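Whatever order the structure lists ligands and atoms in, that order sets their numbers, starting from 1. Just so you know, these numbers come straight off a predicted model, no measurement behind them. Both backbone and side-chain heavy atoms feed into the values below; hydrogens, waters and symmetry mates do not.
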Amino acid sequence: MAILNTGINQDKIQEMNRSLVISLLREEGVCSRVQLARRTDLKQATVTNIINDFINWGLVKEVGFLSGNKGRRSIGIALNTDIYRVIGVRLTRKNYSVGLFDLTDKMHLSKSVETDSNDDPRVIFQNITQTITDIIKESGDCKILSIGVAIPGPFMKKEGRIVLMTEVPGWQNILIEKELEEIFCMPVFLEHDANLGAYAQLWHSKDIKKSEGLIYIAAGQGIGAGILINGELFKGTLGFAGEIGHTSIKFDGHKCECGNRGCLEKYCSSIVFTNAVNREMHRSEKIKLRQIAELIKAGDEICLEQYKIACEYLGIGIVNLINSFNPDTIIIGDEMAHINPQVMIDTINKTVKDKVIPEVWNNLKIKISDIKNDSILHGAGIVAINEIFKRPAQFVNID
Ligand SMILES: [Zn+2]
């Protein structure tokens, strides 16, 4: 039997225990100290010490009494949402959003700004930092602990920069993570937008925790997938995993900036879909995605037909994912899913059912995300909160 030659020191164990307790409180909302000890398998004295520290640091607070066994009452503990905040940023090809979140991922403030693909990315980046500064000013006395950033397209995790954003060149020269850390003097965490969509699903749905293989698909201005295996994100060596937008569905298809041909996102991203509708409608003035959604609702046949075509292509991409990962659940979110969830799910179900073996189909659930707000922006807040929960003492600067 192999003997591990690395030990875990006392500080590390304390950090892991704190992380366990604060994560459980987040999941459960309110717990007594006894419940926390029982659920984490920690000694009650350990839980008491952790909670005392958390109360002193302002991370949790006592919230009245819970009734327990034999009529005993115990004090309820919950996350303190009054003091600490994180910033979430979402960058897309056509806009950026900045949100202010408390430790439960509740959004308190947000701003969204449209951008133009002809704008210099350096100027857009400066505008993002200005919007973050404005939000920090408006957050009042709250202490902001970290920033999470959702970015589209492949990116280098270690360097904290985008490698390729199709339709919008120039971002690869900006070290987003490093520059934001220097400007705001706080930790910054960059993550692929689809991975953050998957995080948001995991946080806000208890069923998903039980899933062995869940894939969240961000069907927006690009197409990406967040792959959760037993609740953990599968990221790949460089963090590129889930770049399904650049898997080919036509080997001799349209040329893509990534070097491949027939990339999925060249057939079903919201940008490609909007262009296809405008081409078919021959209008003098181009219409936007929001107007197309309204036209589909009103029964416009050209828009509906183009939407079904895009959904079918997405379904073909999903079949490739299913045959690669054999997930039990697929959740589709972002701009394309919001246009008409019913048409999308009907079209994708039909496409997938026709193309996968029956045993796989019978053990698969495909649904549209039911998180009302921008789940990827929420995910950007969640990645920032998650890091705090991994090592709370370091973030609140005490110890
Ligand atoms: Zn590509």
request  = Compare every heavy atom of Gln35 with every heavy atom of Cys31, then report the nearest pair and how far apart it is.
outcome  = CA-OE1, 3.3 Å

request  = Give the minimum heavy-atom separation between Thr115 and Asn95, together with the two atoms involved.
outcome  = OG1-N, 3.3 Å

key: Pi-cation contact, Trp171 with Arg93 (under 6.0 Å, within 45°)   = no

inquiry  = Applying the side chain to side chain contact (heavy atoms under 4.5 Å, CB included) criterion to Lys235, which one of Leu238, Thr237, Leu233 satisfies it?
reply    = Leu233

inquiry  = Can you confirm whether Asn80 sits close enough to Leu103 that some side-chain heavy atom of one is under 4.5 Å from a side-chain heavy atom of the other?
reply    = no

query = Under 2.8 Å from the Zn ion (ligand 1), which protein atoms of type N, O or S occur, listed by chain and number?
reply = His246 ND1, Cys256 SG, Cys258 SG, Cys263 SG

query = Would you call Glu387 and Lys390 a salt bridge, taking side-chain N to carboxylate O under 4.0 Å as the test?
reply = yes

